[in-house]
Amino acid sequence: MSEIVAAVTGGVIGVVAMLLLIGIGAYILRKRFCFSRQYEEFFDQVPPTQNKVIAVDKDSLGANSKDAGMKHVPFIVPPKFRGRDWIGLGNGERIQDDSEPYIAPDFLPRSSFCSLGAYVVGSINPALYKFPEVNEETDFPEGNIGRIWFAVEYELETERLVVSLMKVRNLQFGSDSCNPFLKIHLLPDERRHLQSKTKRKTVNPQFDETFVFQVSGKTIHQRTLRFSVYHVDKIKKHHLLGQVLFPLKNESLTDDENMVIWRDLELENLEPPSEYGNIQFSLSYNDYLGRLTVVVLRAKGIQFLEEHGVISSAFVKVSFMNHNKLIKCKKTASICGTSNPVYNETFSFKVEHTGLDTASLSLAVFQNAQGDKSYLLGRVVVGPYMYTRGRELEHWNEMLNRPKDLVKRWHSLCINT
């Protein structure tokens with residue numbers, strides 16, 4: 001008898017459990033179905049409209065803002081909700097047309113360089129600037145490779161150096177398919193630069209752009225602007241067409257006259273005068289032969305130490321290093337009696353392509369003294385591993401991007417490298 005009761009009880013419990021599971025499943029399915037229907041009905045009520053945005057005037061918002069110190073972000077209404085009458089267009093609000101570009105708020109940065117102290121502002125109105133009266137667009141000297149027009153102004157209150165780039169004329173490219181653009185450096189900072197827009201198929205580009213460098217008033221007259229004009233080809237390689245150096249040392253930068261300045265481009269890679277002198281050399285790497293070639297061309301402005309030796313003579317020692325370890329060292333002949341020696345000597349070093357990531361070249365200028373002594377007058381290091389600055393690293397990378405070509409540049413000598 002007890003077995004029958006147990007069997008009946010078990011059956012009742014099983015039926016109850018099954019009914020409970022069925023009820024729970026039906027409730028879950030009903031919830032999902034109802035929520036889905038509500039979601040679809042909600043969006044079905046919104047008629048399809050053209051893409052419009054509503055921009056709220058930040059001036060009108062400022063009057064009613066609880067916190068006057070906060071900057072206001074333009075309010076954008078999603079397109080699907082524009083047809084719903086839940087917001088009134090009053091107090092300066094308006095619907096922006098499809099053809100009208102969206103205008104970013106004034107407080108947003110215009111360039112990724114903004115946080116670094118240099119950024120692109122935008123276009124300018126040339127009519128606001130005073131151009132020289134002479135016809136400088138047609139009177140080009142023989143051998144001219146281009147001319148650039150620009151204006152420079154320094155704002156003392158905000159410590160901003162404003163550079164207005166007007167135009168470039170008479171670029172010597174050989175055809176009308178030149179695609180020029182400019183890079184602007186504020187030397188001695190080589191790591192950052194501002195870049196203009198690229199103009200297509202012209203040797204007389206008109207830019208009308210403004211750039212800003214954030215720089216202290218205490219150091220502004222120690223800086224030099226460098227304008228570099230490049231052509232970009234079909235495979236996005238950059239070819240230097242000419243450069244201009246504009247030292248700010250003796251310039252009146254706070255005048256409100258907006259006077260336009262013009263300068264002729266120089267074909268040679270320039271380097272601002274250094275306290276210890278400058279050196280010019282070429283680099284080349286042959287991937288097939290695994291050979292790094294250095295051509296020491298010349299130096300200028302060498303500062304000899306008068307107390308050492310009776311004859312001023314200098315030589316260049318070229319050292320190839322890997323992981324800060326000296327691998328090989330070579331030197332030029334000594335040139336006497338001049339602070340602008342010309343060497344034109346070539347040196348080669350054996351190095352595999354995989355070793356270029358940890359390699360470096362040191363070119364040091366030494367002065368001969370009595371006996372076998374010599375004194376360091378300055379040096380420069382190029383390569384990705386050791387004490388390289390922006391220009392030295394750029395020279396090295398350009399050598400790698402132009403295999404088998406001799407890449408020539410000037411560099412400033414330093415003592416502390």
Side-chain angles (χ1 to χ4, degrees), residues 113 116-119 121 124 129-132 134 136 145-166 168 182-196 209-229 240 242-280 298-304 339-340 365 377-380 389-392 394 409-417:
F113 290 100
L116 298 177
Y119 51 94
V121 174
I124 62 174
Y129 293 81
K130 295 183 179 179
F131 285 81
V134 297
E136 72 278 2
I145 62 170
R147 184 171 291 175
I148 181 175
W149 283 259
F150 59 92
V152 181
E153 181 185 0
Y154 185 70
E155 300 174 354
L156 286 173
E157 294 182 357
T158 57
E159 293 190 329
R160 302 195 318 164
L161 179 67
V162 182
V163 181
S164 301
L165 174 63
M166 310 299 181
V168 178
L182 269 83
K183 292 182 181 180
I184 305 176
H185 289 82
L186 184 60
L187 303 177
D189 187 359
E190 292 275 3
R191 298 183 182 275
R192 290 177 291 167
H193 70 272
L194 296 178
Q195 183 171 315
S196 73
E209 298 181 49
T210 300
F211 310 88
V212 171
F213 294 91
Q214 202 75 38
V215 56
S216 170
K218 297 179 180 179
T219 62
I220 183 64
H221 290 289
Q222 303 172 12
R223 314 298 287 270
T224 298
L225 281 170
R226 185 175 73 208
F227 300 87
S228 304
V229 184
L240 182 66
Q243 293 188 123
V244 166
L245 288 180
F246 186 71
L248 304 178
K249 183 176 181 180
N250 299 318
E251 298 296 330
S252 178
L253 304 175
T254 56
D255 294 340
D256 296 329
E257 297 181 359
N258 289 334
M259 180 62 70
V260 176
I261 305 164
W262 62 266
R263 292 288 187 273
D264 286 330
L265 297 178
E266 299 285 342
L267 183 60
E268 187 178 63
N269 285 310
L270 301 175
E271 181 75 8
S274 168
E275 179 182 357
Y276 304 101
N278 301 78
I279 185 171
Q280 186 188 44
R298 53 179 171 163
K300 63 181 179 181
I302 299 298
Q303 304 298 314
F304 289 106
S339 60
N340 302 306
V365 179
L377 300 179
R379 73 166 177 166
V380 60
R389 297 179 293 123
R391 189 169 180 82
E392 284 68 45
E394 185 178 315
R409 284 204 175 184
W410 280 101
H411 292 275
S412 296
L413 294 173
C414 300
I415 293 294
N416 57 349
T417 56

**Study point:** Gap between atom CD of Q243 and atom CD1 of I145 - 0.5 Å precision
**Key:** 9.5 Å
Exercise for review: For residues E159 and G217, report the shortest heavy-atom separation together with the two atoms involved.
Suggested key: OE2-N, 3.6 Å
Exercise for review: Please check if the side chain of Y154 supplies one atom and the backbone of V215 the other of a donor-acceptor pair under 3.5 Å.
Suggested key: yes
Check your understanding: To the nearest 0.5 Å, how far apart are CD1 in I302 and OG in S339?
Key -> 7.5 Å
Review point. Which heavy atom of F213 sits nearest a heavy atom of L225, and at what distance?
Key: CE1-CD2, 4.2 Å
Review point. Can any side-chain N or O of S164 pair as donor or acceptor with the backbone N or O of T210 at less than 3.5 Å?
Key: no
Point to revise | Non-hydrogen side-chain atoms of V365 and R379 separated by less than 4.5 Å | key: no
Practice item. Can you see which heavy atom on L194 is nearest to which on V212, and at what distance? Key: CD1-O, 3.6 Å
Check your understanding: Which atom pair, heavy atoms only, marks the closest approach of L165 to F211?
Key -> CB-CE1, 3.8 Å
Exercise for review: Just do the side chain to side chain contact (heavy atoms under 4.5 Å, CB included) check on Y276 and I415 with the steps written out, would you?
Suggested key: CA-CA 8 Å; Y276 304 101; I415 293 294; 3.4 Å; yes
Point to revise | Exercise: identify the closest heavy-atom pair between L187 and R223 | key: O-NE, 3.1 Å
Practice item. Please determine if E394 and R409 form a salt bridge, counting it only when a charged side-chain N lies under 4.0 Å from a carboxylate O. Key: yes
Exercise for review: With the side chain counted from C-beta on, respond yes when L377 and F304 share a heavy-atom pair under 4.5 Å apart, and no when they do not.
Suggested key: yes
Point to revise | Spatial distance of atom NZ (K249) from atom CD1 (I220) [nearest 0.5 Å] | key: 14.5 Å
Check your understanding: Would a distance-only check, ignoring hydrogens and angles, find a side-chain to backbone donor-acceptor pair under 3.5 Å from H193 to H185?
Key -> no
Point to revise | side chain to side chain contact (heavy atoms under 4.5 Å, CB included) between L186 and L248, intermediate numbers included | key: CA-CA 10 Å; L186 184 60; L248 304 178; 4.2 Å; yes
Check your understanding: So, the side chain of N278 versus the backbone of L413: is there a donor-acceptor pair under 3.5 Å, distance only?
Key -> no
Point to revise | Nearest-0.5 Å distance that lies between atom OG in S228 and atom CD in Q195 | key: 10.5 Å
Check your understanding: Would you find a donor on one side and an acceptor on the other, under 3.5 Å apart, between the side chain of E209 and the backbone of V163?
Key -> no
Exercise for review: Not counting sequence neighbours, which residues clear side-chain hydrogen bond (donor to acceptor under 3.5 Å, both in side chains) with Q303? List them please.
Suggested key: none
Practice item. Would you check if the side chain of R147 reaches a backbone N or O of D264 as a donor-acceptor pair within less than 3.5 Å? Key: no
Check your understanding: Is the F246 to F227 ring centre distance short of 6.0 Å?
Key -> no
Exercise for review: Dump the intermediate steps for side chain to side chain contact (heavy atoms under 4.5 Å, CB included) on V152 and V162, then the final yes or no.
Suggested key: CA-CA 6 Å; V152 181; V162 182; over 6 Å; no
Exercise for review: Kindly give the heavy-atom pair with the smallest separation between R263 and V244, and that separation in Å.
Suggested key: CB-CG1, 3.6 Å
**Study point:** Interatomic distance, E155 atom CD to Q214 atom CD [nearest 0.5 angstrom]
**Key:** 9.0 Å
